[in-house]
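Beneath this line is the structure, given in structure tokens, with notes to follow.
The chains referred to below are lettered A, B, ... by the order of the sequence lines, with proteins before strands, and numbering in each begins at 1. Nothing here was measured: the structure is a model prediction, and the numbers come from that model. Hydrogens, waters and symmetry mates are skipped; everything else that's a heavy atom, side chains included, is used.
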Amino acid sequence: MSTFLVVSALVLLATIGAGLVRVSRGPTAADRMLCAQLFGTTGVAALLLLAEAYDRPPLRDVALIFAILAALVLTVFVKHAAIHRHSRDGA
Amino acid sequence: MVLDGLSLLAVTAGVLFFVSGTLGILRFPDVFSRLHALTKADGLGLGLIVLGLALQATSLAVIGKLALVWIVAALSGSTACYLMAHFELERAQEPHDRA
Amino acid sequence: MIGLEVVFDVSVAVLLVVLALESLYTPNLFTSIAFFIAFGLVMALAWVRLQAPDLALAEAAVGAGLTGVLLLDAAREIAAVRGVERTPRSMVRLTSLLVAAGVGVALVAALLEVPPRAAGLAEAVREALPLTAVEHGVTSVLLDFRALDTFFETAVLLLAVITVLVLQAHQHVRIIPWELSASPVLSGLVGLLAPVVLVFSGYLLWAGTHAPGGAFQAGVLLGAGGILLELAGVHTVSRLPRRALRWLLSLGVAGFALLSGTLLLAGRGLLELPGAGARTIVIALEIAIAVSVALTVVSLVVGSNLRLEPPEQEP
Amino acid sequence: MDTFLTFALTGVVLFSLGLQEVLARPGVLRMLIAVNVMGSGTLLFFVSLAHRHADGPDPVPHALALTGIVVTLAATAAGLALARGLHRLRAEGSGGRVEGGRVEGGRSQGAGYERGRSESGRDEQGRADR
């Protein structure tokens with residue numbers, strides 16, 4: 001069972017690698033940031049799998065932090081973009 | 001044994017959803033469909049993996065934490081999707097003179 | 001047959017190097033920041049592989065989250081976002097390449113000298129652990145064996161936050177409102193997440209006594225929660241009276257200073273914890289550190305953007 | 001190749017990459033990213049050294065690396081605050097334009113950002129998408 005879980009985590013790692021193509025290609029800023037978010041969700045899943053496979057409960061805490069911080073980064077990104085637009089419109 | 005099989009099935013399905021989500025962001029033509037592919041497929045994928053792992057869990061506390069992780073990830077994922085789509089939509093409606 | 005572990009390690013290592021290369025050499029600064037955030041996420045996986053869950057917890061919050069937030073925020077303001085950034089002259093580039101390659105080769109040479117197996121201090125820590133106030137190795141190193149390091153770390157944090165706040169106090173330019181223009185969806189998310197963050201950072205603080213977790217991880221997470229609140233327009237830290245903020249920011253340093261002063265007066269060594277009550281002292285210190293780390297994190301991120309006047313309306 | 005060697009080598013590579021960029025790049029933000037990469041490399045090297053035992057890793061480097069992560073965050077924040085302060089001062093002092101083309105735009109902070117963007121024809125914020 002644990003081998004299966006580790007292999008699953010490896011596949012998820014591979015999808016992160018593939019997603020990098022979209023980050024570098026863009027073309028929109030949303031694409032890039034969203035991929036960072038995607039890595040968050042995928043990372044959460046991989047961590048949960050590893051926590052079970054290696055029997056390391058603290059990794060579930062790491063996964064929870066990933067999920068919370070992904071929300072923060074994305075929010076700051078959107079704010080950054082929104083303010084940028086405001087300053088352009090206001091000027 | 002049945003539980004093991006179910007859990008195997010759920011985790012496999014979850015991983016497949018992640019793979020299809022990544023295929024979506026690589027292949028889909030515009031940012032909205034990519035957003036859609038990414039957040040929906042990954043949300044479901046994570047849900048299935050959490051389900052599969054919960055079937056393996058030995059204590060209620062572990063199940064609780066798995067559920068919490070899933071709820072937080074689903075909340076932040078869907079909010080992120082909404083904010084991004086909103087942001088892109090507004091941008092698309094702007095006059096294009098500066099582009 | 002190559003072991004699964006090796007495949008995993010090498011995948012993580014390759015991803016790290018690729019992400020570092022991309023974030024360093026992508027011409028577009030914004031893309032570079034996106035890559036840097038992904039780099040932080042993969043760093044957390046590397047810590048997991050190195051069996052350092054404490055570091056994975058901290059990295060997930062700091063490397064993958066807060067540093068990215070800081071960079072995004074600064075990139076918004078500083079004009080050198082793209083184009084205007086000069087590419088280095090070829091002479092400079094060549095020299096830097098040579099220097100970096102030389103350092104790299106020297107480090108690899110040194111690495112080959114390192115014995116592949118070593119005792120380190122793991123045994124010593126395990127033996128001494130029953131003598132300390134807590135049951136988790138990393139926490140006991142931080143707050144017992146090497147409490148002096150942690151003392152100075154809190155001082156460094158205080159110094160950094162003073163730098164940020166002083167710089168902010170001398171700005172006379174228009175400060176851009178920091179929070180997102182009211183979005184019901186975002187406020188909803190924050191409303192749901194804030195209690196989770198609060199409870200979870202309390203849990204991490206408590207867990208630190210016997211498992212991975214502790215004051216720094218809890219503080220950083222609590223700070224992230226505070227930033228989320230500020231973003232949603234719920235002003236907690238930025239509404240604190242200045243005097244209270246100052247005290248709370250220095251709570252960690254003050255705790256350590258008070259403790260070491262008391263211990264010295266009592267005729268003990270510097271930060272040599274008494275046997276009885278050591279656990280209470282360590283937990284009190286942890287709480288003090290967590291509070292000041294959390295406020296430091298919020299001030300570092302929001303402080304550069306704090307409004308000097310009462311909130312002005314968005315145009 | 002065990003875990004120790006893999007990550008120690010990765011640490012060396014990250015450190016060298018970051019160092020090269022720190023030495024070569026003129027931009028402040030890039031430099032701070034590079035310093036962060038260097039720092040990650042250092043900590044990776046250091047913590048992988050702790051992973052050389054049969055029975056569990058050494059907690060002392062873990063504690064020191066934890067300190068390192070938090071201090072790096074603080075240093076990055078202070079560096080960024082200084083960079084932003086410098087940027088504002090330059091923007092104020094020059095009333096808009098500064099030699100070297102580093103700072104453009106006057107007191108309104110959005111302006112410099114915006115102008116920098118339209119000058120370089122890169123695809124930032126997805127111009128190329130349309």
When rounded to the nearest 0.5 Å, the distance separating CD1 of A/I65 from CG of C/L57 is 4.5 Å

Which atom pair, heavy atoms only, marks the closest approach of C/A60 to A/L69?
-> O-CG, 3.9 Å

So which of C/A58, C/G65, C/P53, C/G40 has the largest heavy-atom pair count under 4.5 angstrom toward chain A?
-> C/G65

Quick one: what part of C/E5 sits under 4.5 Å from any heavy atom of chain A, side chain, backbone, both or neither?
-> side chain

Rounded distance (nearest 0.5 Å) linking atom CG of C/L221 with atom CG of A/L64 | 7.5 Å

Segment of C/L66 engaging chain A (4.5 angstrom heavy-atom cut-off) | both

Min side-chain heavy-atom separation C/V301-A/V76 under 4.5 Å = no

When A/T3, A/L47, A/D61 are compared by non-hydrogen pairs under 4.5 Å with chain C, the top option | A/D61

Compare all side-chain heavy atoms of C/L41 with those of A/T42 and state whether any distance is below 4.5 angstrom.
-> no

The interface call for A/L10 against chain C, heavy-atom contacts under 4.5 Å, is both

Taking all non-hydrogen atoms of both residues, which atom of A/L13 and which atom of C/S11 are closest, and how far apart?
-> CD2-CB, 3.6 Å

Spacing of CZ belonging to A/F39 relative to CZ belonging to C/F39, to within rounding of 0.5 Å | 13.5 Å

Does some side-chain heavy atom of A/Y54 sit less than 4.5 Å from a side-chain heavy atom of C/V48?
-> no

Interchain contact, C/V12 with chain A, by part (heavy-atom threshold 4.5 Å) = both

So, the part of C/A38 with a heavy atom under 4.5 Å from chain A: the answer is both

Using non-hydrogen atoms only, which part of C/L193 is less than 4.5 Å away from chain A: side chain, backbone, both, or neither?
-> side chain

What part of A/L50 is in contact with chain C, defined as an atom under 4.5 angstrom from a non-hydrogen atom: side chain, backbone, both or neither?
-> side chain

If you round to the nearest 0.5 Å, how far is CG of C/L45 from CD1 of A/I16?
-> 6.0 Å

Nearest heavy-atom approach of A/L72 to C/A224 is CD2-CB, 3.9 Å

Honestly, the part of A/A14 sitting under 4.5 Å from a heavy atom of chain C is neither

